[in-house]
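Just so it is clear, the structure is predicted and the values come from calculations on it, not from any experiment. Numbers restart at 1 for each chain; the letters A, B, ... are given by sequence-line order, proteins then strands.
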Amino acid sequence: MASDRTDPPPRARQMYELMRELYPICRSITGNGARETLSIIGRHLPPELPLRVTEVASGTEVLDWTVPKEWNIRGGYIETLSGQRVVDFANHNLHVLNYSAPVDRRISREELDTHLYSLPDHPDWIPYRTSYYAERWGFCLSQRQRDTLTDPEYVVRIDSTLEPGHLTYAECSVPGQSEDEILLTTHICHPSLCNDNLSGIAVATHLLRELAAQPKPRYSLRVLFIPGTIGSICWLASNRERVQHIKHGMSLVCLGDDNPFTYKRSLAGGREVDRVMARAIGELGSPHQVIDYFPYGYDERQFNSPGFAVPFGSLMRGQHGQFPEYHTSADNLSFVTEQNLEASLGLVQNAVGMLNANRTFRNLRPYGEPQLGKRGVYRALGGTDIADTQLAIFWVLAMSDGKHDLLDVSERSGLPFALIRDAAAILEQTELLAAQTA
Amino acid sequence: MASDRTDPPPRARQMYELMRELYPICRSITGNGARETLSIIGRHLPPELPLRVTEVASGTEVLDWTVPKEWNIRGGYIETLSGQRVVDFANHNLHVLNYSAPVDRRISREELDTHLYSLPDHPDWIPYRTSYYAERWGFCLSQRQRDTLTDPEYVVRIDSTLEPGHLTYAECSVPGQSEDEILLTTHICHPSLCNDNLSGIAVATHLLRELAAQPKPRYSLRVLFIPGTIGSICWLASNRERVQHIKHGMSLVCLGDDNPFTYKRSLAGGREVDRVMARAIGELGSPHQVIDYFPYGYDERQFNSPGFAVPFGSLMRGQHGQFPEYHTSADNLSFVTEQNLEASLGLVQNAVGMLNANRTFRNLRPYGEPQLGKRGVYRALGGTDIADTQLAIFWVLAMSDGKHDLLDVSERSGLPFALIRDAAAILEQTELLAAQTA
Amino acid sequence: MASDRTDPPPRARQMYELMRELYPICRSITGNGARETLSIIGRHLPPELPLRVTEVASGTEVLDWTVPKEWNIRGGYIETLSGQRVVDFANHNLHVLNYSAPVDRRISREELDTHLYSLPDHPDWIPYRTSYYAERWGFCLSQRQRDTLTDPEYVVRIDSTLEPGHLTYAECSVPGQSEDEILLTTHICHPSLCNDNLSGIAVATHLLRELAAQPKPRYSLRVLFIPGTIGSICWLASNRERVQHIKHGMSLVCLGDDNPFTYKRSLAGGREVDRVMARAIGELGSPHQVIDYFPYGYDERQFNSPGFAVPFGSLMRGQHGQFPEYHTSADNLSFVTEQNLEASLGLVQNAVGMLNANRTFRNLRPYGEPQLGKRGVYRALGGTDIADTQLAIFWVLAMSDGKHDLLDVSERSGLPFALIRDAAAILEQTELLAAQTA
């Protein structure tokens, strides 16, 4: 039977399968869940792009922070006095408050209530809650489960450890022609939540796969697979000299749901990554928004801080805290689709391509218009958009004064960036154009 | 009986009473009316803020101008030949053309008409007219009075003097931590007109009373109680070296009527006083307008002139020439209200507070986000807006790069200035922030 | 009988008559048609403004181009085998493809068809087609004519020559007080097309006549009567040292039709010519548009090229390729009117006047407002707009800080440029203002 809808390519299916493989693991900002996650990611990367894993010991001073104790959990439940487990980590790893201290005691219903988290407005969903820097214990459960807890007393057990250990993060680099780099981050600290942020992990992993198969790009590209906030802080603390080489940065988060794309600009705003993302999203022709920076969200907060001042945006579909399924058990495998992951990867690829291609050129025959016919420029034109390419050529020649980059040309002319880029390539081949060296 | 409306505080009543006390006096740009007015203002100021009165002799060269002769008036009337006074200065001091030369003669009805000013569209109102720089005599009267003047001849007498004397103005300063100052002007030259500008006098006088009771502010603040135009010119002529210290200026005019607030920007526009006033008015949440500069109006004209180039705005309710009662006897005690004066004073106080508080800070832990929890920042939060204050803290930390002031932070974040200011104070206390020194 | 409509002045009629005189001539980018055209233009110019004609030999290298062979044509037709001329250059000089190579042969209907150009959507119009840089032959004809060509064979003859010769252009200069100049271009290469561009020729010619009768202006003004593209390139190639003196430039094209005015900005945008044209068009109060630059159109392309970077706009009514009559026989004498030519000339004159008048001044009494009364400024005011002129005077004094030009004052105040200019003149006379020297 014929379908109007194009089937997503195999990589879309592979991204989804990677999410499915990672979904059951209980992750946090430290611990074995993170290690296992990174190990799986590493297996999905091509051999020429090894994943480099770093372990940072608990207690290490990192910028203004200290690496916390490592957290691991084996199980946890609320049990009736008659031994019936009414809430059990074995059923869903959101059930235990993330970073929960161990507990093993009998407790009154009343006191237990102060350790419970549920969502009255979504009575079937389990919320996701954490307590990284204040030692607490607790359970997250659906409102329906909570309503059944009517016994006067219960037994609570959480078999977790909070001990000196390590924080684990990883990075993978695609070498470019320059040490200057594009840095992408994706957080790996959330347990069984798909959109936030197994989707980001899947897109970043497959972006690396795509880049491995391509010629060496202009910029190096680095992906950080890190626990949110503290992970970036750890990386920054031991890579301060690299920061000057990060020319463009972006966090990749919540990229599998049905929401239209949102790009959140860097703190500085109007930087090249912001202009590229606005253009790349705009050229999709579908609903989207480009929003101003705000100082909460994901790892863009660390990179945009005034000391580092890296132009660092954030690409997402559903926004931080703005979709009902956010940080609940409803952010599961059915909340994300192959198609959405595919479109997200396509957009990121396109943006990376634009960053690599966006140069400032000088017209080498700047006095009057060069005679294109005798230089074979018209013969070099092909495809269906000859008139548009010709127009693009005129725009590139007119604006290539060493001050405007190709993105400027695309923005002013209203022509697609790819057309402008191709026009510049033809002109470079016919020696009418030369890239400005900084 | 209960009222929904909050009663204005005592100072509102006091402002109104000050206007009532000043209303009967016949003022002009020189003369005893101005002296008496300044004497009353001085009595309303606290002893620690003395009013310093300056007398400038007629004939003194001041910038491009010359101080005119001093004008004083004792009486004036139009009388029928049978001795009936049909228009009398004793009834309303607007009846005689301000700065009128003396006259004492019998005159034909026809010739008299060339000396009369009335308002056909407002037949019960007496207009306010002046002739400072061309020696004339005349009477202002209601159209109804004018229509009764049907005799063939009348007697006119104006018992005024135009003689060498002085121009009188006064100033009052609140010392701040710096010699740099905020300058406010309010004109004192209009006779019995309440909104224009006893209202400005009342607000300025009570602003000084409020400031006297407060700790020493960052900026010094000076109020000039001056005749319009020539008064500013006199002050500028003998205070040229002070002008460099005037960092922000504003004229206070027409602040008692029911019109919404209008702020007229400085000539340069976009200066700190303009940004503060736009923000302060905007945060009131009530209808208002911020309008571009234009080169007529009040004393802002002299301070914004290209030689001085002081950023000098103007705050008003009813605008210069835009309300029907403007420069007529209808601008009387019933045209202004305590509530309006109170709101005006509140706005000016708030704006002065914002100017004093608006500093540029540097984040002292600029690499990544500082860990606020360990620094007791969260403990310092109080009140009802904890979430907003926390957000304000993040914004201040992100934008405190030594280039953006708190007003920038307030504008970009959309958070009230006071919240941003308080967030900065908490961060300064916890040594995460330091004010930029110029 | 009375008419509501003002009759156009004699110069409007003269412009129209000049077009009528030039219309029958077959022009191209080279050849005797161009020479004859320039000769007629020269006869319409006053003796003190001689037209200087330049001949550039075929084969001369000019910038990136080479001057082509000279083209001349004596006749051309399509004939039936029985000797009936069905399409004949003698009837309309658009009938032969401009720059057509000679031909003289018998040809099948089928092959002939590949050499024919017609407009199915406008079956009565003859299109205008050229082939300057690829040697071809062809005929342009109406669709109705084409439809009658049903014989199996025809005879085609074009009696043209493509031989080494010259390209001809001309220029005319009005000397100003400065070597700096305003440059206007108008293309002379189109055969019997009225709007494009006999209208531009007529307006430019009469602008020169008007300027000849006026006092020596600030800027010199030069008009180039040139074949499009290659003409500018020839002029630029031999006048490279003059380019630095071109302060403002504009091409004059399609100025006789009924379309509202369109001004196309320079590539740089926001340059003085752009601001002047926006203001001059805006002050007409009629529909108009100001559009962004684009790198196709007329001679602005050569002057705006990044090597020369002359701020060069384009003034037109109907836009390049946007009106149906464009490049067809319908662009004839009934497509243009005296009234439209007159309004176009008026606008160009006004814009030139604004460029000459737009200076930056310094207020010589910048401290406070000068006392205008004692300086006789008010006595200098006349006409009906005293209040507006007075306001204009205040604006000029306020903004004359050596950084803002009169156009800035006009734009910000919203007052007509002429009023601002006159106010500045009064202030200059009374020594309150001095023009800034660069």
(request) Look up atom CG in B/Asp64 and atom CG in C/Leu364, then write down how far apart they are to the nearest 0.5 Å. (result)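 Spacing of CG (B/Asp64) from CG (C/Leu364) equals 11.0 Å.
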
(request) State the CD-OG1 distance between C/Gln371 and B/Thr229, to the nearest 0.5 angstrom. (result)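 C/Gln371 CD to B/Thr229 OG1: 11.0 Å, rounded to 0.5 Å.
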
Can you give me the closest heavy-atom contact between [X] and [Y], atom names plus distance?
{"X": "B/Ser305", "Y": "C/Gly368", "result": "OG-N, 2.7 Å"}
{"X": "C/Tyr367", "Y": "B/Leu63", "result": "O-CD1, 3.5 Å"}
{"X": "C/Glu369", "Y": "B/Ile233", "result": "O-CD1, 4.4 Å"}

(request) Give every residue pair that meets the salt bridge (Lys or Arg N to Asp or Glu O under 4.0 Å) criterion with at least one member in residues 407-421 of chain C, sequence neighbours excluded. (result)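 Non-adjacent pairs meeting salt bridge (Lys or Arg N to Asp or Glu O under 4.0 Å): B/Asp292-C/Arg412, C/Arg275-C/Asp408, C/Arg275-C/Glu411.
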
(request) Below 4.5 Å from any heavy atom of chain B, which atoms of C/Arg375 appear? Answer side chain, backbone, both or neither. (result)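 Looking at C/Arg375, just its side chain touches chain B.
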
(message) Between C/Ser413 and chain B, with a heavy-atom cut-off of 4.5 Å, which part of the residue counts as in contact: side chain, backbone, both or neither?
(response)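 Contact with chain B involves no heavy atom of C/Ser413 at all.
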
Checking [X] against chain C: side chain, backbone, both or neither under 4.5 Å from a heavy atom?
{"X": "B/Phe294", "result": "both"}
{"X": "B/Tyr293", "result": "both"}
{"X": "B/Leu267", "result": "both"}

In terms of heavy-atom contacts, does [atom1] of [X] have more than 12 from other residues, nucleotides or ligands at under 6.0 Å?
{"X": "C/Lys403", "atom1": "NZ", "result": "no"}
{"X": "C/Gln177", "atom1": "CD", "result": "yes"}
{"X": "B/Arg52", "atom1": "CZ", "result": "no"}
{"X": "C/Lys247", "atom1": "NZ", "result": "yes"}
{"X": "B/Glu135", "atom1": "CD", "result": "no"}

(request) Residue by residue, scan residues 307-318 of chain B and write down, ordered by number, those that have a heavy-atom distance under 4.5 Å to chain C; if none do, write 'none'. (result)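 B/Gly307, B/Phe308, listed by number.
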
